[in-house]
Amino acid sequence: MAWDLLVVGLGNPGERYAGTRHNVGADAVAALVRRHGGRLKVDGKVNASVGDVRIGSARVVAAVPTTYMNESGQAVAALVRRYEIEDLSALVVAHDELDLEQGRLKVKLGGGLAGHNGLRSIDAHLHTRDFVRVRMGVGKPPGGADRGADWVLSKVRGSARSELDVMVAAAVDAIDLIATDGVDAAMQRVNQRG
């Protein structure tokens, strides 16, 4: 059975990290599965919660690793093997991005790691960066780059939370677009928004 897309949302497991900036990728994939009437179920063999949905005519596997962020590559590599994803442009990774202002969204094929431990782990396990990223802006921490860990791992409330929730919904729209129209169309439409 051929799968058209493997979509992975990065985050950290457990209640301690729910609602943090670092988990917006995981939030987007959970919302994607809900939107399309699926369910994520924990699968210990691939260290991820996994569900499958249909988006238009595309058959999509959606997953959220149950590993910590810096071990995301273990789960992603296991998922790529299990679902026989040979062309890694069919792998879409949704993740938080400090280099984009909060609430901003970009779709990109390949590229650098931007100091992101989840992307670094995926690169280490797959030995390539040629996958699609849905980059979800969380902005730079006030007080400088050395405050990055506190910034992405703290709970977000109030208007900042609302802004992230809007971005999560936009990320689901972007993933839908990748599934139905392809990554080039998604990049053109999403990245034009400023």
Test log, rule side chain to side chain contact (heavy atoms under 4.5 Å, CB included), inputs Val152 and Thr20: CA-CA 6 Å; Val152 297; Thr20 64; over 6 Å; no
Side-chain heavy atoms of Leu126 within contact of Leu91, under 4.5 Å: yes
Contacts of Ala124 that satisfy side chain to side chain contact (heavy atoms under 4.5 Å, CB included) - sequence neighbours left out: none
Reported NZ-to-CD distance for the pair Lys106 and Gln192, which is rounded to 0.5 angstrom: 9.5 Å
Inter-residue atom distance Leu5.CG - Ile85.CD1, 0.5 Å rounding: 7.5 Å
Residues which pass salt bridge (charged side-chain N to carboxylate O under 4.0 Å, His left out) with Asp87, listed by chain and number, not counting sequence neighbours: none
Set of residues satisfying side-chain hydrogen bond (donor to acceptor under 3.5 Å, both in side chains) with respect to Lys140, sequence neighbours excluded: Asp99
Check against side chain to side chain contact (heavy atoms under 4.5 Å, CB included), Val92 and Leu6: CA-CA 6 Å; Val92 177; Leu6 167 60; over 6 Å; no
Please list every donor-acceptor pair under 3.5 Å in which a side-chain atom of residues 71-80 meets a protein atom from a residue at least two apart or in another chain.
residue	atom	partner	partner atom	Å
Glu71	OE1	Gln74	NE2	3.0
Ser72	OG	Met69	O	2.6

Rounded distance [0.5 Å steps], CG in Asp184 versus CG in Leu109: 8.0 Å
Heavy-atom closest pair, residues Ser89 and Val132: O-CG2, 3.5 Å
Those residues that, when tested against Arg133, pass side-chain hydrogen bond (donor to acceptor under 3.5 Å, both in side chains) (two or more places apart): none
Lys155 (side chain) donor-acceptor with Ala18 (main chain) under 3.5 angstrom: yes
By side chain to side chain contact (heavy atoms under 4.5 Å, CB included) - contacts of Asp165 (at least two apart): Arg161
Ile178 side, atom CD1; Arg189 side, atom CZ - distance, nearest 0.5 Å: 11.5 Å
Steps toward side chain to side chain contact (heavy atoms under 4.5 Å, CB included) verdict (Phe131, Ile122): CA-CA 10 Å; Phe131 49 89; Ile122 293 168; 3.7 Å; yes
Donor-acceptor pairs under 3.5 Å, side chain of residues 48-57 to any protein atom, not counting sequence neighbours: which ones?
residue	atom	partner	partner atom	Å
Arg54	NH1	Ser57	O	3.1

Side chain to side chain contact (heavy atoms under 4.5 Å, CB included) evaluation trace for Val134 with Val93: CA-CA 6 Å; Val134 176; Val93 177; over 6 Å; no
All side-chain hydrogen bond (donor to acceptor under 3.5 Å, both in side chains) counterparts of Gln102, not counting sequence neighbours: Arg21, Glu163
Linked, directly or transitively: Leu100 and Leu119 (ILVMFWY side chains, under 4.5 Å): no
Arg16 side chain vs Leu153 backbone, donor-acceptor pair below 3.5 Å: yes
Euclidean distance, Leu164 CG relative to Asn23 CG, rounded to 0.5 Å: 11.0 Å
Pair listing, side chain to side chain donor-acceptor pair (under 3.5 Å) test, anchored in residues 111-127, at least two apart: Asp96-His116, Asn117-Arg120, Asp123-Arg129
Results of side chain to side chain contact (heavy atoms under 4.5 Å, CB included) for Ala169 - residues two or more places apart only: none
Rounded distance (nearest 0.5 Å) linking atom CG of Asp27 with atom CG of Leu10: 11.5 Å
Expected output: side-chain Asp4 to main-chain Arg59 donor-acceptor under 3.5 Å: yes
Close side-chain approach of His95 and Met136, heavy atoms under 4.5 Å: no
Side chain to side chain contact (heavy atoms under 4.5 Å, CB included) partners of Ala185, counting only residues at least two apart: Asp181
Under 3.5 Å: donor-acceptor pair, side chain of Trp151, backbone of Gly143: no
Any residue meeting side-chain hydrogen bond (donor to acceptor under 3.5 Å, both in side chains) with Asp173, in chain and number order, not counting sequence neighbours: Arg35
Least distance between heavy atoms, Gly139 atom then Leu98 atom: O-CD2, 3.2 Å
Closest approach of Val8 to Val29 (non-hydrogen atoms, all atoms of both residues): C-CG2, 3.7 Å
